[in-house]
4 protein chains.
Amino acid sequence: MYIQLDFESEIPIYTQLKQQIIAGIAKEELRPNDALPSVRSMAKDIGINLHTVNKAYQQLKQEGYILIHRQKGVVIHPDGVEPADDAYRSTLKSTLRPLIAESICKNISKEEFAGYVNTLFAEFKKEGNDK
Amino acid sequence: MYIQLDFESEIPIYTQLKQQIIAGIAKEELRPNDALPSVRSMAKDIGINLHTVNKAYQQLKQEGYILIHRQKGVVIHPDGVEPADDAYRSTLKSTLRPLIAESICKNISKEEFAGYVNTLFAEFKKEGNDK
Amino acid sequence: MYIQLDFESEIPIYTQLKQQIIAGIAKEELRPNDALPSVRSMAKDIGINLHTVNKAYQQLKQEGYILIHRQKGVVIHPDGVEPADDAYRSTLKSTLRPLIAESICKNISKEEFAGYVNTLFAEFKKEGNDK
Amino acid sequence: MYIQLDFESEIPIYTQLKQQIIAGIAKEELRPNDALPSVRSMAKDIGINLHTVNKAYQQLKQEGYILIHRQKGVVIHPDGVEPADDAYRSTLKSTLRPLIAESICKNISKEEFAGYVNTLFAEFKKEGNDK
DNA sequence: GTGGTCTAGACCACA
DNA sequence: GTGGTCTAGACCACG
């Protein structure tokens, strides 16, 4: 699992880390019960503070992506992630709305936008059939 | 133009204000050359700090949504918004990517996701039935 | 609102702080929309680090006790706390179980135990009718 | 005596083990002079570290639940457990207090809470119908 | 070795 | 002024 961080980005590092791990799960590069590096080694690997890694891990745990196991350390949640509920769907739409408003203003058609969605879904799914 | 702010949201108020104005433009409730309230009156209307409105306006100006005239006040950009360039398309995809990764993990299908995109595009288009 | 911490206790400081605030809400000393001190001033008041206060506040926010408002600062959740769901009831029973097992071993009768529950409920309710 | 551990719990394993043994005593599944597996075999049986079992046993001994003989091995205390003293009653109330505060906030009535206490007492008593 | 807690000091974004 | 982020170093509980 390679982690790519952009330290110049306005997106907090711990959020970037979270997103990369979630992306890894979506791509099935990370599967249920797979181990994740300890906070210390992950922090050392990517050259950030251990508290920053810990914050990412805590949020992932809280959102049901990972489990912090007393013996096995940190692992991808064995039961998979909870399917989306209505609350999530509603926040998803709220997040999407301003993106779409902006796109409309900038003359991006519904078809073009849908194309990107397609491409991105494919990006996650294509790698998920081996390893 | 009604502005709806959520002061408990984690999204900064100036960003919410920006998004609402952009949404207004997308819906064509706000059309080229339409006047926007002055920084001062907008701040007073919605009960927020002057600086907050100013920050939103400055960014909208910078992104080509509005013009700020010393005399005529603030108006929606008469020439419309610049169409998206490659840089914008690329940041759009970068924004969409983690959203889609999360959705995949939470068992939201491409079709469901595309459905939301459709609905949201329709939401903006239905009220602006001509031009 | 007086905060009493025991720095010798094995219970983490941020947990003690959380419990005291929850107790304040239970006693209705703290009511919906009441303001809580900022992390900095609370930290200074009780002589602990601001990050420790922050951790308590974050958890209280996450559990729906408080709201972190962009303008008003930190306030008790205006809608009150979410009523218990099944998950909470089940963890409550799991917490109670070992307490009761221990009590049985130590010859504390059901009646005595129930007496303490009664006393404690009264302790919270008695102060809640004025102020 | 079956031991059920949750390695994903935030409750330390040695504490869980202690609680299960205490629960066994409360249910009278474990009676005075009953033998407990040695540290070594208990550790092997439930697949945990030797030190963890040892820590649980030491605390149980210290609290008067068991005796550890060099030769006879580990047995449930022949004289039964010391009845609660004032110190214990006071810590019991301190433990109960935040639980009750939380319950009040979450709209759990005194009656409902007392119901759980009743149920749990019954849970322990029903299986130990004599002595 | 692990994660959890606490402290401390710094910078930044927000209002 | 506020809270949010990040870093750093320390100690402890756990297994």
Side-chain angles (χ1 to χ4, degrees), chain A residues 5 7 9-17 35-43 46-59 61 66-75, chain B residues 5 7-17 43 46-56 59, chain C residues 5 7 9-17 35-43 46-59 61 66-75, chain D residues 5 7-17 43 46-56 59:
Chain A
L5 299 180
F7 295 96
S9 166
E10 60 190 353
I11 301 171
I13 295 177
Y14 76 87
T15 302
Q16 294 184 48
L17 180 53
L36 243 42
S38 74
V39 283
R40 278 178 176 77
S41 66
M42 172 69 93
I46 55 185
I48 61 174
N49 190 281
L50 102 187
H51 291 106
T52 309
V53 177
N54 192 45
K55 184 160 185 177
Y57 277 14
Q58 287 301 328
Q59 293 196 0
K61 169 185 162 193
I66 64 172
L67 227 49
I68 297 179
H69 196 102
R70 287 227 173 257
Q71 310 186 299
K72 287 186 259 168
V74 182
V75 298
Chain B
L5 299 179
F7 294 102
E8 293 148 19
S9 164
E10 62 208 354
I11 300 170
I13 294 175
Y14 79 88
T15 302
Q16 294 184 48
L17 180 52
I46 54 184
I48 63 175
N49 193 294
L50 231 143
H51 300 13
T52 308
V53 178
N54 194 49
K55 183 158 187 178
Q59 292 197 1
Chain C
L5 298 180
F7 294 97
S9 165
E10 59 190 354
I11 300 171
I13 296 176
Y14 76 87
T15 302
Q16 293 184 47
L17 180 52
L36 243 42
S38 74
V39 283
R40 277 177 176 79
S41 66
M42 172 70 91
I46 56 185
I48 62 174
N49 189 281
L50 101 186
H51 292 105
T52 307
V53 178
N54 192 45
K55 184 161 186 177
Y57 277 15
Q58 287 301 328
Q59 293 195 1
K61 169 185 161 194
I66 64 172
L67 228 47
I68 298 180
H69 197 104
R70 287 227 174 258
Q71 311 186 298
K72 287 184 260 168
V74 182
V75 298
Chain D
L5 299 178
F7 295 101
E8 293 147 18
S9 164
E10 62 209 354
I11 301 171
I13 294 175
Y14 79 88
T15 304
Q16 293 184 47
L17 180 52
I46 54 184
I48 63 175
N49 194 296
L50 232 145
H51 300 14
T52 310
V53 178
N54 193 49
K55 183 159 187 178
Q59 292 197 2

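Any value given below was found using the heavy atoms of this structure, including those in side chains, with hydrogens, waters and symmetry copies removed. Chain naming here is simple, since letters A, B, ... match the order of the sequence lines and numbering starts at 1 in each. All figures in this text were calculated on a predicted structure; none of them were measured in a lab.
- Here E/dC6 is the nucleotide among E/dC6, E/dA15, E/dG4 with the atom lying nearest to any side-chain atom of C/Pro12.
- Contact annotation: C/Arg70 side-chain N/O to E/dA15 OP1/OP2 distance is under 4.0 Å.
- In this structure, the CE atom of A/Met42 is 13 Å from the P atom of E/dT2, given to the nearest Å.
- Using a 4.0 Å cut-off, no side-chain N or O of A/Lys55 falls inside it from OP1 or OP2 of F/dC6.
- Computed from coordinates, the A/Gln58 CD to F/dT5 C1' distance equals 16 Å when rounded to whole Å.
- Taking only side-chain nitrogens and oxygens, C/Asn54 never comes nearer than 4.0 Å to OP1 or OP2 of F/dG3.
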field: Step-by-step side chain to side chain contact (heavy atoms under 4.5 Å, CB included) determination, A/Leu36 to A/Val75
entry: CA-CA 6 Å; A/Leu36 243 42; A/Val75 298; over 6 Å; no
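- Straight-line distance from the CG atom of A/Leu67 to the P atom of E/dG3: 13 Å, rounded to whole Å.
- One N or O donor and one acceptor, one from the side chain of C/Arg40 and one from the base of F/dG3, sit under 3.5 Å apart.
- Scanning both residues, A/Met42 and A/Leu17, for their nearest heavy atoms gives CE-CD1, 4.2 Å.
- With rounding to whole Å, D/Glu10 atom CD is found 17 Å from F/dG15 atom C1'.
- Between C/Gln71 atom CD and F/dG1 atom P the separation is 19 Å, expressed in whole Å.
- The nearest whole Å value for the distance from the CG atom in C/Leu50 to the P atom in E/dA10 is 13 Å.
- Proximity note for C/Asn49 (side chain, C-beta onward) versus F/dA8, E/dT7, F/dG4: the nearest is E/dT7.
- Of all heavy-atom pairs spanning D/Ile46 and D/Phe7, the tightest one is O-CZ, 4.3 Å.
- No hydrogens or angles were tested; on distance alone, nothing pairs the side chain of C/His51 with the base of F/dG3 as donor and acceptor under 3.5 Å.
- By the 4.5 Å heavy-atom criterion applied to side chains, A/Pro12 and A/Lys55 are not counted as neighbours.
- Between A/Ala56 and A/Tyr14, the shortest heavy-atom contact is CB-O, 3.5 Å.
- The phosphate of E/dT7 (OP1 or OP2) has a side-chain N or O of C/Thr52 nearer than 4.0 angstrom.
- OP1 or OP2 of E/dC6 has not a single side-chain nitrogen or oxygen of C/Tyr14 nearer than 4.0 Å.
- Sequence order on DNA chain F of the closest nucleotides to C/Ser41 and A/Gln59 puts C/Ser41 first from the 5' end.
- A/His69 NE2 to A/Lys61 NZ: the interatomic distance, rounded to the nearest 0.5 Å, is 13.0 Å.
- Taking atom NZ of C/Lys61 as the reference point, atom C1' of F/dG3 lies 9 Å away to the nearest angstrom.
- For the pairing with C/Val39, the side chain to side chain contact (heavy atoms under 4.5 Å, CB included) check across C/Val53, C/Asn49, C/Val74, C/Ile68 returns one residue only, C/Val53.
- Here F/dG3 presents its P atom at 14 Å from CD1 of B/Ile13, a figure rounded to the nearest Å.
- Comparing A/Gly47 and C/Ser38 against DNA chain F, the residue whose closest nucleotide sits nearer the 5' end is C/Ser38.
- Considering every non-hydrogen atom in both A/Pro37 and A/Ser41, the closest pair reads CB-OG, 3.4 Å.
- A stem is defined here as three or more consecutive Watson-Crick or G-U pairs, each with both distances under 3.5 Å; for DNA chain E these stems are E:1-14 with F:1-14.
- If B/Thr15 and A/Leu36 are placed on DNA chain E by their nearest nucleotide, the residue sitting closer to the 5' end is A/Leu36.
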